[in-house]
Structure formats: structure tokens, C-alpha cells
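The chains referred to below are lettered A, B, ... by the order of the sequence lines, with proteins before strands, and numbering in each begins at 1.
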Protein chains: 4
Amino acid sequence: MSRRTGDDSTTSAVEERAARRRDDRRAQIIRAAKQVFAEQGYTNASISQIIANAGIARGTFYLYFDSKRTVFDSILGEVVEGLTARISVIALDDTTLSPRGQVARNLQRVLAFLLEDRALSQLLLNPGLTPDAESAQQLDAFYERITLMLTASLDHGIRMGLVRSCDTALVAAALLGAIRGVTRQLLRNDETPHIEAVVDELLAFGWRGVVVEEAWD
Amino acid sequence: MSRRTGDDSTTSAVEERAARRRDDRRAQIIRAAKQVFAEQGYTNASISQIIANAGIARGTFYLYFDSKRTVFDSILGEVVEGLTARISVIALDDTTLSPRGQVARNLQRVLAFLLEDRALSQLLLNPGLTPDAESAQQLDAFYERITLMLTASLDHGIRMGLVRSCDTALVAAALLGAIRGVTRQLLRNDETPHIEAVVDELLAFGWRGVVVEEAWD
Amino acid sequence: MSRRTGDDSTTSAVEERAARRRDDRRAQIIRAAKQVFAEQGYTNASISQIIANAGIARGTFYLYFDSKRTVFDSILGEVVEGLTARISVIALDDTTLSPRGQVARNLQRVLAFLLEDRALSQLLLNPGLTPDAESAQQLDAFYERITLMLTASLDHGIRMGLVRSCDTALVAAALLGAIRGVTRQLLRNDETPHIEAVVDELLAFGWRGVVVEEAWD
Amino acid sequence: MSRRTGDDSTTSAVEERAARRRDDRRAQIIRAAKQVFAEQGYTNASISQIIANAGIARGTFYLYFDSKRTVFDSILGEVVEGLTARISVIALDDTTLSPRGQVARNLQRVLAFLLEDRALSQLLLNPGLTPDAESAQQLDAFYERITLMLTASLDHGIRMGLVRSCDTALVAAALLGAIRGVTRQLLRNDETPHIEAVVDELLAFGWRGVVVEEAWD
DNA sequence: AATGAATGAGGGTTCATTCAT
DNA sequence: CATGAATGAACCCTCATTCAT
């Protein structure tokens, strides 16, 4: 069905522009939807609000997304993916950056990502804004993954004599909770904070809580 | 909406029985609604589900509550009130129980309360399950109150030389987050945990993170 | 959920009246829907038209039927069932009524049934008014059944020496078509016809065809 | 909408080619639409299906037809016209072909036309596949015309002593119905039948009915 | 006090039609 | 000529709320 009459074999300029416009529209809708979902939650949000927010007609929405649910899943996928991409596993044998430095870098990237798109963060922090139990589980699964990573790190740290002996699963939950709590706090205030300072403070809090003192710094 | 508090002496036995029946019904509906709200969130929950769960007729529901919203607010009020009642301000001059002991007692009471009614806890932990932004703010306000209490305590601790110097607002947010994180974890597992052990672990985590080491037991 | 307090074990008068009212409503909706479907066809018909025709509110419709489709199926089932019940197999050994008489009786009952509810008949005569191919096949299956019955009768008649040798399947289709054609004609005219006369004429046509024997080849 | 009929001499070759291309496109769309309408009925059919079937873009459709309705009317007109052209009035004074032969020839032409384009025939046989009551009446009017022709022929035949005395309107309806019934049957089966044999059988049925004369009353 | 049939505003979605490119 | 993105009216259905019994 695509035409191309006397053109060279690569994508023509016209097609390129069309593709860009299409992506723009999609992004525009996602932006609008994200905001509405973050404010109202999935169920309460209405297509009417989304399209009003995006400044498009009812039918246009369905040109870019199959359903209300589809946009939401797109958004949720985006945030989970975005975060996952910003977290790298701590390497204890890294000679260029200390474990604590690596954690700091992870935190910095994550916080920067979250503060950049507050609506997205609201969705991430509130599993209840989600369409249904199934969707909430997608988020839960993400958090579970993080918690397991943290638990494993703590376990490893204990074996290395760097971390004091403790119920690592519980402490991991507490650590993740602390990060979420601080993030929530940051989002509440409108001014963008000095991320490095926040990370330092957060690390100081976490470190002094879990470490065996003699073994560190 | 509940009658009789001052209870003038003319109340007959008949009236008393009627009032008790009324309160029972109310409680029955609240119980049913709480469960449905916790599972589905406010918007997704339907009156149909609530009355089916309560085993009453549609009209009966509206005999006891003005609207769907009203039940929810009742429930939310109940949980906030219940928690507030279980938290007492730390008294540094208390000679019978150390500050740490007082915090432990608070935590124990709060966790016991939450684990006792899991549906309630879900609502508390997920502001997104709430009817709207306004209602979510009621919860936020509660958390804000707790955070301010914690901040004040930390500030006081710093002045007394018990707590290391830090961004107390941020650390307070982290502490509250840690508690929420652990609670969430506890609710996920079905088995009821040994609360004292959890509190010990949580305290150890928080303490070692915020204290000036030399100054404490 | 059903109550009954101090009542006898059988259905109470109240319940009976409620059941009757319920059936009345259902019938009222079916009546309205039948008319709309007959005039517009399934797809073109709208719930708005049906409820306007029935004089009820939107929600009320869904109190009695799960969906637009459900009403339609109810109606289609009713007509197929009604017709099937009015057709009895011809018994050649019946001593009280000749085969031709039996056919006449069948035709009379069928025509009377159809003329009694013209909307129903429209649906029966026009498979195209149906929701989809699947639903149309339900009708087709009915006609197929009738055609097979006719074919079998003709085959039997040939073996008995009563019917001239012919392509019975084709003649059966012609016979059924003739009946449908006449019915269509009757429905077009508003006045209710003298059914017996119609049946006589139809039978004469089927039996003997149209010619005056002596005058032809 | 189609240009050039009187065809003034100034038409250039270029214009001619353009006109032909235009007609081709039109035919292509009609072909696609016919199929979709026959399968789904007017209302169920969507422009999307038609253009997908025709392999053209959305806008192109509206370059050739004003609306969905317009294509349908074109198609309906085509079939009615095609049939009308294939039916010639019976001439009793024709010395080269007997009346029965003339009827046979009519039937052959009609059946051949219908079997040639099954989609068209579906539309013809199912007034319910039509946009609305108004459109259905166009079809009805066609059938009415045929019925009147048949009635007139029968009346004439009676006056000539060739046809037995009967309710000619009713018998005409039966005859037309028989033809439609047989056609429907032929369309159901996929294999193309031997038309002459069918016509013979159909004529025999109409002429003589189904009985073996000696065996009855 | 209790019931449940009835209501109608509002939800998500589809689709014939238009128009800038 | 041809395209396909954009439009918005209209569709089917849900559900909080009311009210006669």
C-alpha cells in the first residue's frame, strides 16, 4: 500500500517526516495520559480528560492506541524499563569506583530520572493508581526484583565481612522503602533539589545502619 | 450519624437494642466495604460488590451511608484515627523506658494494628486506592504529620547530642519510608511474623544509621 | 437473599406478583425490540430505539437482558421454536386425516402463527436482518431442517407411487420457497386474509401446478 | 457521474484513457464493496473493509463515491437492471417458441446471471442486507413488478383457457417464491449446477405440481 | 427498617466522512 | 489523483443513586 514512485530505495523525506509526526503525536498523547493517570488513577481517568489534555479529538486517540489500557501499559512499561536501565549491579572488584560510589551513582541516575517526569513517578510510587490487580503485580514484580537484588548484595556483604549480620530480606525492604520515602518527599516539594546532596544524605543514613563499623572507611 | 453519646437517662431498653442493631449493621457494611476497597481500589469497587459481600440489599446500604464516598471516608478516618491513637510522643525524660524502648513500643503497637486488619493496611499503604486527589491528600496529611513528628524528634536528638547532624526532614522521610517498606513486605507474606523480632531489626537498622555512636548505650 | 418471614412454604402472593411483573416487563421489552429489529435489522437497530419504543430507561433494559445480542437471540429462539412446534410430521397411515389434509393443517397453523406476529415473521423471512453470519446460520439451519423434511416426504411419496418422480431436493426448495413467497405477500397486505382459502390455493398450486391439463401438450 | 455518453468528437486520446482508468477504478471499488456487502450486510460492512478489499486508500473511495450509501445504491441498481434486462414478456402469439419455452428461456437467463455473481445474488435474495427500510423497498418494488407481470400472465392464461382458474396474485407470489427458493438452494451449494436441468425441473413443478395424477382423489 | 426495580449520566469504543499534503 | 491522519456523532454498556412497595 505504500507508494514511492520515482524514489531512491531508502525512506523518502516525506515518509521520514510522516514518521516523525506520528511519533510526536504518540508522545503528545502519552504525555497527556501520564498526567491524567498520575492525578486520577487509571480507573478514574477518562478518555475525555486525556484527549482534552492532549488537545485532540476522540477518534484520534484510537488512531494511536488500541484502548485506554494500552496507553497505560505503554507508560508503565516505559517507567519500569527506564528505571531498570538506570540501575547497574554493584561490582565489588571494581577498582575505579568503591561500592558505595557505585550505589551513589545508581541512586543519582534513578532520582534524576524520577524527578525529570513527576507524573511518571507518581505512577511508580502508587501501585494503587493501576488498572487492576494484574497490572499492580507488574509493578510489584519490579519492586520485588529490586528487593531481591538488594538482599543478595547484603548477603554478599555479610559474607565479605562488610555488612553486619541481619535479616537481609527485611533490611532490603527497609532500604527500598527509605528510597521511596525520600523520593516521595522530593516530589512533594516543587523545587528541584540538589540531587547529590540528597544521595549523600540517603547513603549516610543507610550506611551507618547496615555496616560493621570497623570494616569501613 | 451515630446517635447517643451523652446518653440522657430517658433511653429505653428498646431504643438501646435498636441502636445496637444499627451499629452492628453499620459495622457489617464497613467490614464488607473495607475488603472490597482494599482489593479493588475505590473507583473499581462497586456498590454491588459491597452489598453482595455484606449480604444486604441495595437500598439498605443507603440507609446507613449517604454515598459510596461516605463509607470510604469513614474507613479512612478509622484507620488514621486508629494509628494516631497508637503513636505516643517520645519523652526523653521518661525514667522507666529509654527513648529507643519508647520507639519500639510505638512500632509494636502500630505493626500489630496493621497486621490485624490487612485490608485496612492496604488502603493506608496505597494512596492510589483512594477516590480522588483530595482523599489522597487526607492520607498524605497523615503521613506529613508523622514525618513532622519524626523530624522534630530528630532535631531534638541533635540538640541533645544523641543524633548525628543531618538533614532531619530527609532522614525522617527515609525512616517513615523504611517502616512502610517493611510493613508492605510483612503484608505480602501470608504468615503472621514475630512482631518483636521485626521491630528489633528495624530499630537496629534505623539506629545505627542516625546515631552518634559514642553517645548511646 | 429472599426473605419470607412468617409465611407458608409455597410462593407468597407478593413474590408471585413480583414474578408476574417481571415477566410482563420482559415481554414488553421483547415486543419493542422485535418491532425495531424487524424494521431496521439487528445492526441498525439501536438500544435507544428499543427503549424509546418500550418506554423504559436505558438501565432497565440491561436489568432484563445482558446485551442487545441476548434479546435478539431470545426472539429468534422464540420464533424458531414456535414454528417447529406447529409443524407435525405427515403420517401416511393416519386414517382420520388424509396426507393432504395433514399438510393443510400444518400450513394453517404456521400461517396463523406468522400472521399473528408480523414483526416476528419479518425476522424469519429475512435472514439478513440478523446480527451476523453465525446468527443467520441458525435461521438457515431451521430452513434446512424443513427442506430435509419435505425432501424425505417427497421421496416417500415417490416410493408409494403418490408423487411423480423428480429431483426431490430441488422441488422441496421450490415448495418451501412458494410458502415463503405467499407468506411475504400476505404480510405485505395489511388486512388479515382468510387463512383457509390461502391454504387451499397454495395446496392446489403445489399439488397440481398451474395448468389446465387438457389444454397442453 | 460517468462522463461521456454522446461523445463529442473533440475527445482526445488522453482524455479517453483517463476516463477508462476512472471507470476501471469505479468497477474495482464496486467489486470489492459487493463482496463485503454480500457477506456482512450493509450496516455491518465498513468502509475500512471495502477499501482494504479494493486495495485503495480511504480518501480514494470518496473520490469515486459520495458515500457508503451511494455505492450500495449503485450495486442494487445494477442487479435490478441486470435482471430486468434478462426478463422478456411472454408472447402468446410467438410462433417460434411456445410460452413454456419462453418462460424457460427467461429462467435460464436469470439463473445464469445470478450464478455468475453470487455476491450480487445474496443481496438480491436478502432484503435485510439493505441499508434501511427505504432501500429494502426498492428491492420490494422490483419483486412487486415481477409478481405483477406473473399475475398478468396468469390472468391472460386463464382467459385463454391455458391456466386453471385460481387466485392469480397468490399463485404468482408462490411462483416467484419457488424461483427464489431454488436459487437460494443453488447458491448454497458451491458447485455450479446444470442450469437447463434445473429449469426443466422447476418448470415441471410449476406446471404440474408434485402429484401423480392417477393416484389421487 | 428493608427491599430491589428503575433511572440516566457517563464510560470506552467505532466508524463514516473530511481535508491538508 | 491519491493519500491517510483527523474528526466527532453515535454506539453499547455500567453503575451510583432513588423510591415505591
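- Atom NZ of A:Lys68 is separated from atom C1' of F:dT14 by 13 Å (rounded to the nearest Å).
- Using the six-membered ring where Trp is involved, A:Tyr42 and A:Phe37 have ring planes that are parallel, under 30° apart on the 30 and 60° scheme.
- Not one N or O on the side chain of D:Gln122 forms a donor-acceptor pair closer than 3.5 Å with the backbone of D:Ala119.
- In this structure, the side chain of A:Asn126 does not engage the main chain of A:Gly128 through any donor-acceptor pair within 3.5 Å.
- A salt bridge links D:Arg69 with D:Asp132: the distance from a Lys NZ or Arg NE/NH1/NH2 to an Asp or Glu carboxylate oxygen falls below 4.0 Å.
- No side-chain donor-acceptor contact under 3.5 Å links C:Glu39 to the backbone of C:Val36.
- The nearest whole Å value for the distance from the CZ atom in B:Phe72 to the P atom in F:dA16 is 14 Å.
- For the segment residues 38-66 of chain C, the set of residues with a heavy atom within less than 4.0 Å of an atom of DNA chain F comprises C:Ala45, C:Ser46, C:Ile47, C:Arg58, C:Gly59, C:Tyr62, in numerical order.
- Within 4.0 Å (heavy atoms only), A:Arg25 reaches sugar-phosphate atoms of the nucleic acid but no base atom.
- Note that CG of D:Leu123 is 6.0 Å distant from CG of D:Leu129, once rounded to the nearest 0.5 Å.
- The closest side-chain donor-acceptor pair between B:Arg58 and B:Ser48 falls under 3.5 angstrom.
- Between D:Arg21 and C:Ser67, the residue anchored closer to the 5' end of DNA chain F is D:Arg21, taking for each the nucleotide with the nearest heavy atom.
- Screening C:Gln35, C:Lys34, C:Gln28 for a side chain to side chain donor-acceptor pair (under 3.5 Å) involving C:Asn53 leaves a single residue, C:Gln35.
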(request) Map every base of DNA chain F to its dot-bracket character, where paired means a Watson-Crick or G-U wobble contact with both distances under 3.5 Å and | marks a partner outside the strand. (result) .||||||||||||||||||||
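- Nucleotide E:dA6 holds its P atom 11 Å from the CG atom of C:Asp24, rounded to whole Å.
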